[in-house]
Amino acid sequence: MNVQPLTFHVPEPHPCFGSAADVSGFQLSDAVRVRRPEIDVEASEIRDLAYELIRVLDADGHAVGPWSEACTVDQLRSGLRAMLKTRAYDARMTVMQRQRKTSFYMQCTGEEAIACGFQSALQAGDMNFPTYRQQGLLIAQDWPLVDLMCQVLSNEKDRMKGRQLPVFYSAREAGFFSISGNLATQYVQAVGWAMASAMRGDSRVAAAWIGEGATAENDFHAALVFASVYRPPVVLNVVNNQWAISTAQSVAGGAQATFAARAHGYGIPALRVDGNDYLAVHAAACWAVERARRNLGSTLIEWVTYRAAPHSTSDDPSKYRPQNDQAVWPLGDPVERLKDHLTGIGEWSEARHVQLKAELDEEIAGAAKEAQGSGTLVEGSKCSPASMFDDVYKSMPPHLREQRQELGF
Amino acid sequence: MNVQPLTFHVPEPHPCFGSAADVSGFQLSDAVRVRRPEIDVEASEIRDLAYELIRVLDADGHAVGPWSEACTVDQLRSGLRAMLKTRAYDARMTVMQRQRKTSFYMQCTGEEAIACGFQSALQAGDMNFPTYRQQGLLIAQDWPLVDLMCQVLSNEKDRMKGRQLPVFYSAREAGFFSISGNLATQYVQAVGWAMASAMRGDSRVAAAWIGEGATAENDFHAALVFASVYRPPVVLNVVNNQWAISTAQSVAGGAQATFAARAHGYGIPALRVDGNDYLAVHAAACWAVERARRNLGSTLIEWVTYRAAPHSTSDDPSKYRPQNDQAVWPLGDPVERLKDHLTGIGEWSEARHVQLKAELDEEIAGAAKEAQGSGTLVEGSKCSPASMFDDVYKSMPPHLREQRQELGF
Amino acid sequence: MPSLTMIEAIRDAMDVMMARDDRVVTFGQDVGRFGGVFRCTDGLQGKYGSSRCFDTPISESGIVGIAVGMGAYGLRPVAEIQFADYMYPAYDQIVSEAARLRYRSAGEFSAPIVVRMPCGGGIFGAQTHSQSPEALFTHVAGLKTVIPSNPHDAKGLLIAAIEDDDPVVFLEPKRIYNGPFDGHHDRPVVPWSKHELSETPQGHYTVPIGEAVVRREGAEVSILAYGTMVHVAEAARREVGIDAEIIDLRSLIPLDVDTIVQSVIKTGRCMIVHEATRTSGFGAELSALIQEKCFYHLEAPVVRVTGWDTPYPHAQEWDYFPGPDRVGRALIRLMES
Amino acid sequence: MPSLTMIEAIRDAMDVMMARDDRVVTFGQDVGRFGGVFRCTDGLQGKYGSSRCFDTPISESGIVGIAVGMGAYGLRPVAEIQFADYMYPAYDQIVSEAARLRYRSAGEFSAPIVVRMPCGGGIFGAQTHSQSPEALFTHVAGLKTVIPSNPHDAKGLLIAAIEDDDPVVFLEPKRIYNGPFDGHHDRPVVPWSKHELSETPQGHYTVPIGEAVVRREGAEVSILAYGTMVHVAEAARREVGIDAEIIDLRSLIPLDVDTIVQSVIKTGRCMIVHEATRTSGFGAELSALIQEKCFYHLEAPVVRVTGWDTPYPHAQEWDYFPGPDRVGRALIRLMES
Ligand SMILES: Cc1ncc(C[n+]2csc(CCOP(=O)(O)OP(=O)(O)O)c2C)c(N)n1
Ligand SMILES: Cc1ncc(C[n+]2csc(CCOP(=O)(O)OP(=O)(O)O)c2C)c(N)n1
Ligand SMILES: [Mg+2]
Ligand SMILES: [Mg+2]
């Protein structure tokens, strides 16, 4: 028996896409040929798909392969619009944060296709359990920007009454569950919601959202265990944007296996999808949502993308990742790719693009003005301090009433 | 889109081995042909082994196939002795509990081969992080039975000073970590211990233990994540004895995939082994321990076995499983199988077997007498109440000193 | 009125609510087919089907996590944690999620769930089957925490908890599941049928959350207790012959401060008895509150008789447990001070 | 002596210990390459290598779980939880494992680990970046809980914690990482370099765990505080012109009861200030203890000024935070009662 001393392995920092596990996924030329199984396929028959990368748009922007048929041109144009709007909204709110009108902001730059494309596969009544990087789910539904902005500004019109950190929206009517700051906790709640839907003979499905870094959290496992045992109608989304604040996906285990493969040990089918390819996103989302709705249980989807922006306005990525990291990222930009595709098939043009952007900027500027009219975190009308004691319970118990009085209300 | 109402799936109770996932494992005739890969094989090259069942002993008790070479006859005889001793110890302690000499006891009947066979693959200095059903790890090392019994009796000589529930042993010199009553928490501690060993350039390895039911706990995931990222020298054992108190393994997800397959999503290699086949246990344990010792990282092993006894002395299995469940269990009894094998090769006989059992019974009766001489939970000399305040901290802080005085010491 | 054990009363509460409201579901480890290791859900799966009462994987976080999701959907889940000692993996879901969901969403979503868990010692369960973690819940804004001391209250409180729109932690003192226990572990076991508070109305009724009850009126000292300790306090009082007023808190949050304050103003002395470790136990909050509200009426310091600040030991169980002797001695000292 | 910020002092403590003792290792989310989101481990990976200072997956339970395993092996792990608000997934490992390992194994194994976590509000972090969960640790037998209020103590206490053979929860009030903060959020930020307690000896020294310190002597009332609130209490006292004695507890468990009792006996009045929610907060334990030990010396009820029993809000941060105005008003009331 060998008695060499052991050595300690710590994953080395590396450009995100250079890792062993990703190589298969980045044989991009083959990706468009990945098969599209029947909706009712057994999990055990599609294990290979967790190590592939489903794509529709090829290097030249053509929609090809078995996953290419899902979208009409109108859907694509509204997808492009939703992505552009999300990006413009992010840019504007980042500026507002820099202007100190609020405390904090988080962008989803580079990942817009995922939330926007996924939302287009859902129906009214379905419920997302999002993280802080799925504003696209709301924007793709044309949820009022002013409402979102008031939340970010924690102003008088904030429906969350100034209680939550910016971007921690809640919008029940939009099928957007209240965001928690605690990573992964909501993943298993989505499973519970879906179990309830099945128990009640409903037809609504749930969508759980998590980042690749947060898959390391314990509740990721809880969600998969319960999804495995009860087969509820839930799509388990893992957004692999390569980074969790400063740590590369290898620190979450991504160098050893794909995140999609996590599903196999639970007998849950998994897809691994180019998350920067709007057409692939929409197609895969439709597949998994239909599977859920047809009572065939849950699907895990790893969406491969890249976090182009800093983690949040509190973050400085130049401290931990190469400057050119995104530039050499092989999956490109989702907005540009969809634009090129639409242009290529004669359904879009540079001029229309420029015009749409201008329109959106104007819409956002108008909304920003309106939102700021109801105050910002630091100026103008304010959330009432007395309201701080509401909603801790459905009705206020005596000790909170006493404390509110102590504060002077 | 289909709008049939959803239905809720709850796994049906069924005889443990009738589930879909197990079928492959129970093509027993093929099991002895399962290949034995090189020690340094890549995890991705042996995914199939998580769905097979490694065996050495065939239906006629012959040792066959690629995993058959690991043991000498002496080792096998001492394995048989360890298993018999474990079984006799369990029987005796169960009687003591029924006689109300202690509060509680847990047997490992039917699973003896796993702990006994595994221990024989370890070296001095290695560390097990066991559950309550691995007394075989100690007994296989001939750890003094009196010491174990004093713990079970919570008497004056109990090295745990009467603090712990019976069977929650701790034996540092024997590489047996203090057992926690909280399921799964120690699985990740084993990974941390192994990380430390690697950090220090040591050559000691760790072994983590968990039941199939407890794999649903969150810390199972934490352990696999950290084992995936840092590749420490730890063997991750999952004892699938088909039951978790009253729930069948399907309630832990076992109907959808094997527990061995859980490892794949983390890029950890996995074996699935007949845990009632002492030769297979020893061979697989040696393979995984060597892999760890050679700095090749962790291995997960699912040991397939059957909990023949009640969960604990507080349990009544007739309430939840068929009476004949174990009788129809296809993997037989580990003691009988090893006995038949040794007899078949002319190295054992019925007479020697009877004699060994008598010897062991006598040894155990002697130990029981000695242990009871130091008191039982209800009679004789007692653990000191004052010692209740020791070891909360390394040295006693003032508030505990005050409380001890309040109690009168 | 039928006489029920605590277990029967708890089961009956779920039965009544499952029959009345098809949004009520119950689940946990060994809860479905087997009916729970303490048999509290025995028969419910047979009666209501496995969509309404079912076994779960061994994952406390998962159990509470799915309960929160189901609650948000609109159900009324009653989740069982097999022992309170095993609630820690679920603590994040309870504290960060269930307790704050209504607040953070400003009422858009809520978690009307009940988390049942057997607590307390006295069964030789050692450190992992004996804990009383109530103070870990009372510190958390957004939770309600209740703990009955008898079958009548158990049923009424559990029905109230299931009907409550907020998350309720429902602690069940396991030592009194089958009979009242006054701490005299060496005496014969008394069944609930001998105790008047085992008489339990049939069908639906509630014991309101937030209301304490004076179990015995007295003039000399107020004893605040809950769960098993109500019985221990009564025994201790009787044995030392002190005219104590015994208040069974029943609901820790919200707390019935008025009943407590009235009593302490009357008696001028107060003792708090609980089984949990002393430091930062719920007794600390009670003591702090009483001296804030009754300072000028107190004739002696508020006294705490509690479990020690050690893990719950096995062999020394009765040295750890604050039994009638210890409570009685402390009562005498308190009357002398 | 160099003047350090809290962050520098904390880093320095780890640096000193990693240089002296190769069993000391540190890890956590973003701790290795990046040096921590608050930069407390900046440079340590470069200096000691990635076996001694490394990034972990986002799994608080895993972080503390491996720390317990490493501690049992013989290392001295210092684990960082990115925000105290995220310690809940690790709570089981802290309470059921780290805190009880020595006890349950009767000393065969122990968990000499430090779990560092930034706590407290004042940075517009809302409910998940502002919590003060100290009472959830002080209730747990087997844990030590410390919280420094300045760079000098931060370094000395952290070294003592690393050298301690028991598990220590090391709370870091993040609002004072970069400068003392007296609660006047609308005034210019003061750097640590202006504060005498930023002067920090080079190399190795300890501030013993279990010793409080009187920050200011005074005759009229004793104020007990820790972390950020020490500065707030001092500002409040100054502004209302009351001759208060200010005690910085530093160590909550073990608690320096003697220093507290001596002071309260002298002044006859006591106020406790903390940021955590009031009910079952550590203030309750302090209040209970003081009235147990100083009852006959108290001229007025012990008063608690604390965060409210609500989650920590975002926009209303300064209505939640017990700032100098609130503390000052309560002080005046206390002196009048
Ligand atoms: C329980 C918990 N631990 C730590 C954090 C701090 N935290 C916030 S975001 C983040 C990184 C998450 O990365 P990932 O899951 O990949 O999502 P991404 O930010 O890339 O979208 C961390 C560590 C948290 N919010 N909750
Ligand atoms: C955290 C936690 N939850 C629940 C329990 C109660 N419990 C003790 S053993 C057990 C069943 C474990 O089954 P399994 O993991 O299959 O191990 P086995 O008993 O079959 O060896 C349960 C639920 C516990 N000890 N700890
Ligand atoms: Mg990420
Ligand atoms: Mg089992």
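Naming convention: chains lettered A, B, ... in sequence-line order (proteins, then strands); numbering from 1 in each chain. Just so you know, these numbers come straight off a predicted model, no measurement behind them.
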Peer 1: Is any side-chain heavy atom of C:Val95 less than 4.5 Å from a side-chain heavy atom of D:Tyr91?
Peer 2: no
Peer 1: Roughly how far, to the nearest 0.5 Å, is the CZ atom of D:Phe137 from the OG1 atom of C:Thr279?
Peer 2: 15.5 Å
Peer 1: May I ask you to test the D:Arg100-C:Thr128 pair for a side-chain heavy-atom distance under 4.5 Å?
Peer 2: yes
Peer 1: Could you give the distance from CG (C:Leu298) to CD (D:Gln291), rounded to the nearest 0.5 Å?
Peer 2: 7.0 Å
Peer 1: Might you point out which heavy atoms bring C:Ala300 and D:Tyr296 nearest each other, and give the distance in Å?
Peer 2: CA-OH, 3.9 Å
Peer 1: For chain D, which candidate among C:Ile94, C:Thr138, C:Asp85 shows the most heavy-atom pairs at distances under 4.5 Å?
Peer 2: C:Thr138
Peer 1: Any side-chain heavy atom of D:Leu289 within less than 4.5 Å of one from C:Arg304?
Peer 2: yes
Peer 1: If I measure from the heavy atoms of chain D, does C:Ser337 come under 4.5 Å with its side chain, its backbone, both, or neither?
Peer 2: both
Peer 1: Using modelled atom types and a 3.5 Å cut-off, is there a donor and acceptor pairing between side-chain atoms of C:Ser280 and backbone atoms of D:Val140?
Peer 2: no
Peer 1: Could you tell me which portion of C:Thr277 (side chain, backbone, both or neither) has an atom closer than 4.5 angstrom to a non-hydrogen atom of chain D?
Peer 2: both
Peer 1: Among D:Ala126, D:Pro133, D:Ala99, D:Ala135, who wins on heavy-atom pairs under 4.5 Å with chain C?
Peer 2: D:Ala135
Peer 1: If you count heavy-atom pairs under 4.5 Å with chain D, which of C:Cys294, C:Pro301, C:Ala90, C:Ala141 comes out on top?
Peer 2: C:Pro301
Peer 1: For C:Val302, is it the side chain, the backbone, both or neither that has a heavy atom under 4.5 Å from a heavy atom of chain D?
Peer 2: both
Peer 1: Under 4.5 Å heavy-atom distance to chain D, tell me which part of C:Glu134 shows up: side chain, backbone, both or neither.
Peer 2: neither
Peer 1: Tell me, for C:Leu252 versus chain D, whether the close heavy atoms (under 4.5 Å) come from the side chain, the backbone, both or neither.
Peer 2: neither
Peer 1: Do C:Tyr103 and D:Pro313 make a side-chain contact, defined as non-hydrogen atoms from C-beta onward lying under 4.5 Å apart?
Peer 2: yes
Peer 1: Pick one of side chain, backbone, both or neither for D:Leu255, based on which atoms fall under 4.5 Å of a heavy atom in chain C.
Peer 2: neither
Peer 1: Counting only non-hydrogen atoms closer than 4.5 Å, does C:Gln131 touch chain D with its backbone (N, CA, C, O), its side chain (CB onward), both, or neither?
Peer 2: side chain
Peer 1: Chain D heavy atoms under 4.5 Å from C:Arg104: which part of the residue, side chain, backbone, both or neither?
Peer 2: both
